[in-house]
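Counting starts at 1 for both ligands and their atoms, in listed order. This one's a predicted model, so the numbers in the text were calculated from it and none came from an experiment.
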Amino acid sequence: MLNKFMGKTKRVVVPAMEEILEKEFPALDKGFIRLVDYMGGDASIVQAARVSYGVGTKKVSEDRGLIRYLMRHRHTTPFEMAEIKFHIKVPMDTWRQWIRHRTANVNEYSTRYSVAIDDAQQTSENEWRMQSSSNKQGSEEFFPPKLGREFTIQETEVQKYARKVYEKRIAAGMAREQARKDLPLSTYTEAYWKIDLHNLLHFSGLRMDSHAQKEISDYAKIIGNEIIAKWVPLTWEAFLDYRMNAKIFSGPEIKFLKERGIFTNLNLEDLDLYQGSGFVNEKGVLTREGKEFQEKLKLLQGS
Ligand SMILES: Cc1cc2nc3c(=O)[nH]c(=O)nc-3n(C[C@H](O)[C@H](O)[C@H](O)COP(=O)(O)OP(=O)(O)OC[C@H]3O[C@@H](n4cnc5c(N)ncnc54)[C@H](O)[C@@H]3O)c2cc1C
């Protein structure tokens, strides 16, 4: 029986998502992300939050405020009410990083059961990156095209030879599970990847970050900017504001700011200070977010 406090809910349809269902977004040279299905949207997050907070706000502007509040305060479970399923084609080295996100449901193409996909990711002559001198896990600057051309020619040779050996093994009747062992990591694989929005945003935060490897970041940016932004625009805006473009101050950093008195001369009670910032509403008083900001500034002031 339906709990009367929860109320009836309709299936959420997001027109912008209906338009891109089944669309393949190209990634790298031969990869793609295809939107297979989605469940829910901003409305489901708001609905779930109202279940926990009781009957409340109704207007879109209030929905936006509620979603932003949830994101700011890491009230995460309402974001788990929305889910999405992709079909992706991705090189195995990138997939190896992707699969570390354990909170998704995965079904990958089996190269034990089927012949490995005959596509390998190729790097063009101006895309070879040098090892970063400051970050052991990163890259910086590109090799000059002359050297790059050599790397690309060698890559093609390696890929072609590895494929030839693989196909010879298959032709000889070798088990596919063993024949595949010398295929390069640039070989493409395909998978269905289903994840809820909360965990997808966690993936986006890590893989759209400048520290992520460029290849997986390319995929994450397509998922974020081309798909999530259309699917849950209010949530995406809040995610960019409170996660992606935000920074957390550590304990020692706060201590430093307090001790140096960086904010000492500010009169935090003076509302003129906040004008034009979005922290003051049309009645000229601080919004809830404005008050939270004021509290943070007070903390940094040491008051
Ligand atoms: C820039 C970068 C560099 C990296 N370098 C390396 C590396 O050198 N070596 C390496 O091995 N990995 C590396 N990783 C992978 C990284 O350590 C994580 O495994 C990966 O980013 C997935 O993150 P996650 O575990 O938070 O995500 P998910 O697996 O999606 O989990 C989401 C969250 O759920 C919770 N959770 C999930 N499963 C468990 C569990 N079993 N126990 C407790 N909590 C759980 C955690 O809170 C977790 O944050 C790197 C990742 C990045 C982004």
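- Using 4.0 Å as the threshold, R207 has a heavy atom nearer than that to some atom of ligand 1.
- Within the 4.0 Å cut-off (strictly below), no protein heavy atom is located near atom 50 (C) of ligand 1.
- Counting the atoms of ligand 1 from 1 in the order shown, those under 4.0 Å from a heavy atom of H211 are 1 (C).
- Side-chain contact, E292 with H73: a donor N or O sits under 3.5 Å from an acceptor N or O.
- Nearest to atom 23 (O) of ligand 1 among the protein's heavy atoms is L206 CD1, 3.8 Å.
- Atom 39 (C) of ligand 1 lies below 4.0 Å from at least one non-hydrogen atom of the protein.
- In the displayed structure, K85 atom NZ is contacted under 6.0 Å by at most 12 heavy atoms of other residues, nucleotides or ligands.
- In this structure, atom 16 (C) of ligand 1 has no protein heavy-atom contact shorter than 4.0 Å.
- Comment: R163 does not engage D182 in a salt bridge, judged by the lack of any side-chain N to carboxylate O separation of less than 4.0 angstrom.
- Using cut-offs of 30° and 60° on the angle between ring planes, the pair F86 and W193 is parallel.
- Ligand 1 has no N or O atom lying under 3.5 Å from any N or O atom of N199, backbone or side chain.
- The only option from I67, I228, D42 that meets the side-chain contact (heavy atoms from CB on, under 4.5 Å) definition with W236 turns out to be I228.
- Below 4.0 Å from some heavy atom of Q137 lie the following atoms of ligand 1, by number and element: 3 (C), 4 (C), 5 (N), 6 (C), 7 (C), 8 (O).
- Counting protein heavy atoms under 4.0 angstrom from atom 25 (O) of ligand 1 gives one or more.
- Per-atom contact check: atom 19 (O) of ligand 1 touches the protein, criterion being a heavy-atom distance below 4.0 Å.
- Residue H202 touches ligand 1 through its side chain alone, judged by heavy-atom distances below 4.0 Å.
- In this structure, the protein non-hydrogen atom closest to atom 31 (O) of ligand 1 is T103 CG2, 3.7 Å.
- For atom 10 (C) of ligand 1, the closest non-hydrogen atom on the protein side is R100 NH1, 3.2 Å.
- Within 6.0 Å of CD on Q178 lie no more than 12 heavy atoms contributed by other residues, nucleotides or ligands.
- Under the side-chain contact (heavy atoms from CB on, under 4.5 Å) criterion, T111 pairs with Y109, A116, R180, sequence neighbours left out.
- Atom 43 (C) of ligand 1 is never approached by the protein to below 4.0 angstrom, counting heavy atoms only.
- The protein non-hydrogen atom at the shortest distance from atom 28 (P) of ligand 1 is R102 N, 3.4 Å.
- If you check the side chains of E108 and W95, you find a donor sitting under 3.5 Å from an acceptor.
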Using a 3.5 Å cut-off and no angle test, enumerate the donor-acceptor pairs between side-chain atoms of residues 140-149 and protein atoms at least two apart in sequence or in another chain.
from	atom 1	to	atom 2	distance (Å)
E140	OE2	S133	N	3.3
E140	OE2	S133	OG	3.2
R149	NE	E125	OE1	3.0

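- Using a 4.0 Å threshold on non-hydrogen atoms, atom 46 (C) of ligand 1 does not count as touching the protein.
- At a cut-off of 3.5 Å, with distance as the only test, no side-chain donor of S139 or Q131 sits close to an acceptor on the other residue.
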